[in-house]
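Inspection log for the structure reproduced underneath, given as structure tokens.
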Amino acid sequence: METTTVLRSTFGLYAFSSSSNLRQRISVAKHRLTSVKSVTSTTPHPSRGVGRRRKNNDENGATLAKVVENPYSKVEAARPDLRKSLSDFLEEARDFVGDKGGPPRWFSPLECGAQARGSPLLLFLPGVDGTGLGLIRHHKKLGAIFDIWCLHIPVSDRTPVKELVKLIEKTVKSEHYRFPNRPIYLVGESIGACLALDVAARNPDIDLSLILVNPATHVNNFISQPLSGMLNVLPDGIPTLLEDIFGVKQGDLLTGMLDALSNEFSSQRMGGGGGGMLRDLLAVSANLPTLSRMFPKDTLLWKLEMLKSAIASVNSHIYSVRAGTLILLSGRDQWLLNEEDIDRYSRTLPKCIVRKLDDNGQFPLLEDGVDLANIIKCTCFYRRGKAHDHISDYLMPTTYELKQQIDNDRLLVDGTSPVMLSTLEDGTIVRSLEGLPLEGPVLYVGYHMLLGLDLVPMVSQILKERNIHLRGLAHPMFFKNLKNLIVDTKMFDKYKIMGGVPVSNFSIYKLLREKAHVLLYPGGVREALHRKGEEYKLFWPEQSEFVRVASKFGAKIVPFGVVGVDDICEIVLDSNDQRKIPILKDLVEWATREAGNIREGDESELGNQDIYIPGVVPKIPGRFYYYFGKPIETAGKEKELKDKEKAQELYLQVKSEVEQCVAYLKVKRESDPYRHLLPRMLYQASHGWSSEIPTFDL
Ligand SMILES: CCCCCCCC/C=C\CCCCCCCC(=O)SCCNC(=O)CCNC(=O)[C@H](O)C(C)(C)COP(=O)(O)OP(=O)(O)OC[C@H]1O[C@@H](n2cnc3c(N)ncnc32)[C@H](O)[C@@H]1OP(=O)(O)O
Ligand SMILES: C/C(=C\CO)CCC[C@H](C)CCC[C@H](C)CCCC(C)C
């Protein structure tokens, strides 16, 4: 296996290659990068909303309209974003653990070269392996949104922790000097996390963000005593520790066979077959010689010393850290950290999010199921400026992320076979989303069903079918990173991945100004968490909202209604009931307090916004129905709609159209022969599972 890596240091570019065709490899890679850049029409760009029609100027200045293919239309066939594995790490590490030595230095992997303009710098600080390849699975995906440099510490290097911190600091300072407004991310694993904290503590005035993966917080009794004692008594001069223990060398028949097996597993995984732990075990076994060269006895002893001094240094400096921190914590096999320390860190560090990776072990960045770019999106940890901006720093879901979303919700969508209707300009109602305007700004205003379940089929279907990405104005509770939470806020990840923005008059203003397609539920959580008997009742403010801001940007307003949740479940325990049960009462009060009431002071029922989990009894699923009304133009009416009375008129018109959409669907579903599950299943059994099930006559 040949590898090519361009190594960058303060002195220039280094190239490590096991083959002689380095130049060719680099130019192939460059060519690939160029093509990635030029295919934004079919690849969702991480940082931009997806346009449908791009205007290009031809040589004579004429404007050409280029129809852009919808990257999400083939979402079902999307392949995983991360395709490398532990086996790739071990194979590529072979070239990093030779006898080359030299000082610690930075390298920038070629596959990270396609980052969008204005991307922040990401410095990766390795764990005990020192190779700097620990992010290998993530290079491609992270490389699209960061300028990535990885620190390589050669096996034979003995630079003390203090000097390593100075070396990293030197790079941080010089990069900060070059681009003072660009944030610098330090991503460190175990001991690398200690180095990151140390650098941040020494540089509180530089704009840093830290991502600490299983930060080493203590050297436990086994490691500090029996293990280091055992290493100390082993004779010097043995070539490698593992080679001695297992008696295997590179090129052995056994390693050859294991190699072949692990390759077999890798190729199956590429085809979607999976391989999991067995594949990793085989990869490790086949690469024992690499591992043994990575950790010779004296290097292991040195790393133990480094660990002790790095941890001691962090503990004495942690109070000076000002940077925002994201800590990733494996649920299994934590050798070098304990949760009490992490608790202390999260209380000490000023802006700290702790994200647990329950099913992961010692090296989560190399394990399946951990996607760092995705975690960064879900925690709103990505920023190009001083703080995360939900609009300009938002990263579109990759097609695979959308697929995961769809797969997670498949049961609900397949169970409710949604019917989506829209209205064409001439008023014709059609069974498709054809009536939705393609050009923004557009403001979708509608009724919110129980638990917000209407969002599930709607947002992804509109993206898939029309390449329209709805930016939903969402309750700020979905973006909170509360500590000591009774509920796991991971359940709100989907709101962030799919483009939710905390609701405020500023966010609606900014989104419409950017010509976005904005989704607004004026009834908000009061509708989504309604009480018994309140289904399909709108809880909108009396005084007009959204109309003036929509007209300021000439946005089209699309009123819509949706029904069906009453056909899948029935509320048996609402917030009024829960407030009568002691434990539940505390939970409702806690959640309502923590969430914050965005309708505080509203005297009507809208102000009564309990946050609670309704007790429901499921039903054999009926069907979901959506009806998007005819878009209402506000362009050219800005002056007129500045008048509060006129704005109120239009507001009431929109409200009445939403009510009419709901009423229409409630009546029409009575005549749908496929409203119930059984006829739908029979229909699909005879016409194919992917066939579109008919509905009522329009
Ligand atoms: C288990 C299932 C889950 C599944 C999920 C699956 C997939 C997920 C998919 C996707 C994720 C996203 C999904 C999101 C959806 C979540 C739903 C909820 O969370 S619902 C709760 C939140 N929503 C509310 O509670 C509504 C609250 N509504 C409001 O607060 C208002 O309606 C608001 C702020 C949106 C608009 O009200 P105004 O009062 O600003 O509107 P106006 O009256 O038109 O404007 C007033 C004036 O302010 C100006 N203005 C506003 N900002 C300005 C600025 N920055 N500069 C200058 N002028 C500005 C305007 O131009 C206008 O100006 P002049 O007075 O006429 O001169
Ligand atoms: C309002 C909803 C959707 C809007 O699109 C539905 C939210 C349903 C959740 C299951 C409600 C969860 C309430 C919990 C007790 C969590 C509160 C956490 C918060 C951060 C205080």
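Atoms within each ligand, like the ligands themselves, are counted from 1 in listed order. A quick note: this is a predicted structure, and the numbers were derived from the prediction, not measured.
With a 6.0 Å radius and a threshold of 12 heavy atoms from other residues, nucleotides or ligands, Lys637 has its NZ atom above the threshold.
Near Leu455, the atoms of ligand 2 lying under 4.0 angstrom from a non-hydrogen atom of the residue are 5 (O). Residue Lys552 approaches ligand 1 through these ligand atoms, each under 4.0 Å from one of its heavy atoms: 61 (O). Listed by number with element, the atoms of ligand 1 under 4.0 Å from a non-hydrogen atom of Ile598 are 24 (C), 25 (O). Here is the list of ligand 1 atoms found below 4.0 Å of a heavy atom in Phe546: 37 (O), 41 (O), 42 (P), 43 (O), 44 (O). Within the listing of ligand 1, atoms 17 (C), 23 (N), 24 (C), 26 (C) sit less than 4.0 angstrom from a heavy atom of Tyr521.
Under 4.0 angstrom from ligand 1, there are no non-hydrogen atoms of Lys510. The side chain of Lys642, and not its backbone, has at least one atom closer than 4.0 Å to an atom of ligand 1 (non-hydrogen atoms only; side chain from C-beta on). Looking at His475 against ligand 1, both its backbone and its side chain come within 4.0 Å, counting heavy atoms. Proximity of Asn505 to ligand 1, defined as any heavy-atom pair under 4.0 Å, is shared by backbone and side chain alike. Neither the backbone nor the side chain of Leu470 comes within 4.0 Å of ligand 1, counting heavy atoms alone. Under 4.0 Å from ligand 1, not a single heavy atom of Leu519 appears.
Considering backbone and side-chain N/O of Asp409, none are found under 3.5 Å from N/O of ligand 1. Ligand 1 has a nitrogen or oxygen under 3.5 angstrom from a nitrogen or oxygen of Val549. Between Arg599 and ligand 1, a contact under 3.5 Å exists for at least one N or O pair. The shortest N or O to N or O distance between Tyr495 and ligand 1 is not below 3.5 Å. For ligand 1, the polar-atom distance check finds no N/O of Leu451 at less than 3.5 Å from any of the ligand's N/O atoms. Between His448 and ligand 2, at least one pair of N/O atoms sits closer than 3.5 Å. Taking distance alone, with nitrogen or oxygen atoms compared against 3.5 Å, Arg548 approaches ligand 1 more closely than that limit.
A salt bridge is defined here as a Lys NZ or Arg NE, NH1 or NH2 lying under 4.0 Å from an Asp or Glu carboxylate O, and Asp393 with Arg383 fails to meet this definition. Look at Lys356 and Asp488 and you find no salt bridge, because none of the NZ, NE, NH1 or NH2 atoms lies under 4.0 Å from a carboxylate O.
Given atom 9 (C) of ligand 1, the protein heavy atom at minimum distance is Met498 CB, 3.6 Å.
A cation-pi arrangement is absent between Arg669 and Tyr625, since the terminal nitrogen or guanidinium carbon is not both under 6.0 Å from the aromatic centre and inside a 45° cone about the axis. Figure legend: cation-pi geometry between Lys655 and Tyr651 absent, as NZ or CZ is not positioned both under 6.0 Å from the six-membered ring centre and within 45° of its axis.
The backbone N or O of Ser392 sits nowhere less than 3.5 Å from a side-chain atom of Lys510 that would complete a donor-acceptor pair.
Note: Tyr509 and Phe553 meet the aromatic proximity criterion, with ring centroids under 6.0 Å apart.
The shell of residues lying under 4.0 angstrom from ligand 1, judged by heavy atoms, includes Ser504.
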